[in-house]
Amino acid sequence: MPDEFTDAQTEPSAVLDQAHIGDIRGALGTIRLHDSDVRRTWKARLITLAAIIGPGIIVMVGDNDAGGVATYSQAGQNYGTSLLWTLILLVPVLIVNQEMVVRLGAVTGVGHARLIKERFGRFWGWFSVGDLFLLDFLTIVTEFIGVDLALGYFGVSRYISVPVAAVGLVTMTASGSFRRWERFMLIFVAANFLVIPLAVMSHPHAAPILHNLVVPGIRGGVNSTSVLLIIAIVGTTVAPWQLFFQQSNIIDKRITPRWINYERADTVIGSIVTVVGAGAMIATCAFALDHSHYAGAFTNAGGVAHALSSQLGYAAGALYAIVLLNASIIGAAAVTLGTSYAFGDMFGARHSLHRRFTEAPGFYASYAGLMAVAGAIVLIPHAPLGLITTAVQALAGLLLPSASVFLLLLCNDREVLGPWVNRPWLNGVAILIIGVLLILSLILVVTTLFPGINVAILFLILIAIFLVALTGGTIVYGVKRIKAQTTEGKAVSLGKRETWRMPPLTLLGRPKWSKGRTAAMWSLRGYLVVAVALLLVKAIELGTGGH
């Protein structure tokens, strides 16, 4: 493992790899390491934003991957536009979660996995990253499922399309140039907008779209199957891998606290692009397939391509297949890279796109290995591809609360973020988001165990319990904050925000957990084990024709 080092121009920091220090060489511009100019005009700010843009929009559009396309297509085909409201609710979730990630990356210079391991211990590090590795691997499998289904529409055998895609992605990533990789990725981001003409071809109507964006509802009522799909929408739109990928990609791009506001803008732009693309996909399938024998009969994304071809013509099916292929490629590239970044964090290996293969063999070998094994699984005959895709997105939704809890703990760690720690209102929003995610997963667990239960009453009961717990927690937090105000004020005054970086991790004292926090974390771990097991039961039930 390389020694932690001191940049000659700053205070000692925790940045591990020399490749993470230097000029920002983005796809659309360069910012010098010692650039201290004040951007006074809009032109100067836009030029700077162009150089910074990348990690935020790539991580967000990467969410509209093969699993995302399939999940949104299923929502539109089986439920019309009735689930569009979920996307509006997910916008603040996307922005709040990833804004915290932006600060962690720029201020600490340390990847998410390494931060968790160093601050909370190896056990909790593996608790978090172990789940990530499993989920990411399964997600990469779904990306290659997308490649197979997309090119299968044009008659290309999976035994050709999947290996070629895997080799192409490894070649693109292992070039030793961050700028070259980012340019490739932004090309795929631009291709994401092909979903807009596809939506236009479906002849959408504004009235039901506007209504369902703001009025929650589920066509056919609430049951365990519809809850599973909603959790899948959450899991594919706000996935745990995003946290690990964006934090490490910000570090790899060499973004420091001085450029945080530009990276925030990058993230917000990406959030908007993601939600617009997801909404367009739902609308396409809702209007093109409603009132046909395809309505309510989702199988997989390949089936959707053929259904659109039947209803709107071959060109529509072909365009959908191209959108699916593009989504699969950008998703596979981002998820696999995020996993390889985490691998480097956990094992202390060099992990930077600025390095060639010979300089970071473990990093690139893990990337290529994930591609190879995931691709091989897709080549297994008669695998239930559609079911695997939906189940993986739902799994992401179930695991998201755990990932969000660690994110929240890190963003309140004053030794890690100093003057950049969360504001109280942001903690409130984050806790609300985690609570809602847990409620959704609890509904899935309970309805799987007791299919006949009244979901509306269950939802109200869980909301009431959560509000009581939130009120009590708010009171306790308020009392502790009042006591700590003087100390916090001294901590914030140390240094300027734009130049403050986390000191080397070896100099920081490990935070001590109370018995209550430890018990809560173990309870969360136990609950996740049960929830994942019941998700597997539900997936098998659906796969065997159950309801």
Side-chain angles (χ1 to χ4, degrees), residues 61 63-87 142-143 145-156 158 161 188-213 218-220 229 232-233 236-237 273-331 385-386 389-390 393:
V61 175
D63 260 348
N64 284 356
D65 59 354
V69 170
T71 302
Y72 303 138
S73 298
Q74 182 178 2
Q77 184 172 352
N78 290 2
Y79 295 91
T81 57
S82 67
L83 295 179
L84 280 174
W85 56 273
T86 59
L87 300 179
T142 69
E143 310 304 354
I145 290 173
V147 170
D148 170 33
L149 296 176
L151 291 178
Y153 179 84
F154 300 105
V156 180
R158 69 175 62 174
S161 61
F188 294 128
V189 168
N192 175 73
F193 288 98
L194 289 174
V195 72
I196 302 299
L198 181 62
V200 173
M201 293 171 71
S202 70
H203 308 292
H205 302 293
I209 290 176
L210 294 175
H211 176 269
N212 289 312
L213 279 172
I218 302 175
R219 191 166 73 180
L229 182 58
I233 291 173
T236 193
T237 308
V273 170
T274 296
V275 170
V276 169
M281 185 58 67
I282 292 176
T284 296
C285 295
F287 290 105
L289 305 180
D290 207 13
H291 305 299
S292 73
H293 66 281
Y294 295 107
F298 176 83
T299 53
N300 56 48
V304 174
H306 289 289
L308 292 176
S309 177
S310 173
Q311 295 299 109
L312 302 177
Y314 179 82
L319 188 56
Y320 178 91
I322 293 171
V323 169
L324 175 61
L325 176 62
N326 179 73
S328 304
I329 291 173
I330 192 172
L385 304 182
T389 301
T390 301
Q393 308 314 312

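In this structure, the separation between CG on N300 and NE2 on H306 is 9.0 Å, given to the nearest 0.5 Å. Interatomic distance, OG of S310 versus CG of L308, reported as 9.5 Å (0.5 Å rounding). Here L324 contributes atom CG and E143 contributes atom CD; the two are 9.5 Å apart, rounded to the nearest 0.5 Å. Between atom CG of residue L151 and atom CZ of residue R158 there is a gap of 12.0 Å, rounded to the nearest 0.5 Å. To the nearest 0.5 Å, atom OG1 of residue T284 and atom CG of residue L319 are 9.0 Å apart. We find the CG-CG distance between L213 and L87 to be 7.5 Å, quoted to the nearest 0.5 Å.
Among I282, T142, I233, D65, the one residue that satisfies the side chain to side chain contact (heavy atoms under 4.5 Å, CB included) test with T71 is I233.
In this structure, the side chains of F193 and V273 come closer than 4.5 Å at one or more pairs of heavy atoms. Inter-residue side-chain proximity for V276 and V195 is flagged as unmet; no heavy-atom pair is nearer than 4.5 Å. Residues Y72 and N64 have side chains in contact (heavy-atom distance under 4.5 Å, counting atoms from C-beta outward). Residues D290 and R219 have side chains in contact (heavy-atom distance under 4.5 Å, counting atoms from C-beta outward). Taking 4.5 Å as the limit, every side-chain heavy atom of F287 sits out of range of all side-chain heavy atoms of L312. The shortest side-chain heavy-atom distance between L83 and L229 falls under the 4.5 Å cut-off.
Applying the side-chain hydrogen bond (donor to acceptor under 3.5 Å, both in side chains) test to residues at least two apart or on different chains, the pairs with a partner in residues 316-328 are S73-Y320.
Between Y79 and F298, the ring centre distance reaches or exceeds 6.0 Å.
Of all the heavy atoms in I209 and P204, the pair that sits closest is CD1-CB, 4.0 Å. Closest approach of A297 and N78 over heavy atoms only: N-OD1, 3.3 Å. In terms of heavy-atom proximity, T81 sits nearest to P208 at OG1-O, 3.9 Å.
Qualifying ring-ring contact (aromatic ring centres under 6.0 Å, His included) partners for F188, counting only residues two or more places apart in sequence or in other chains: none. Listed by chain and residue number, nothing satisfies the ring-ring contact (aromatic ring centres under 6.0 Å, His included) test with H211 (two or more places apart in sequence, or in another chain).
Although no hydrogens or angles enter the test, the distance criterion places a donor-acceptor pair under 3.5 Å between the side chain of S202 and the main chain of A199.
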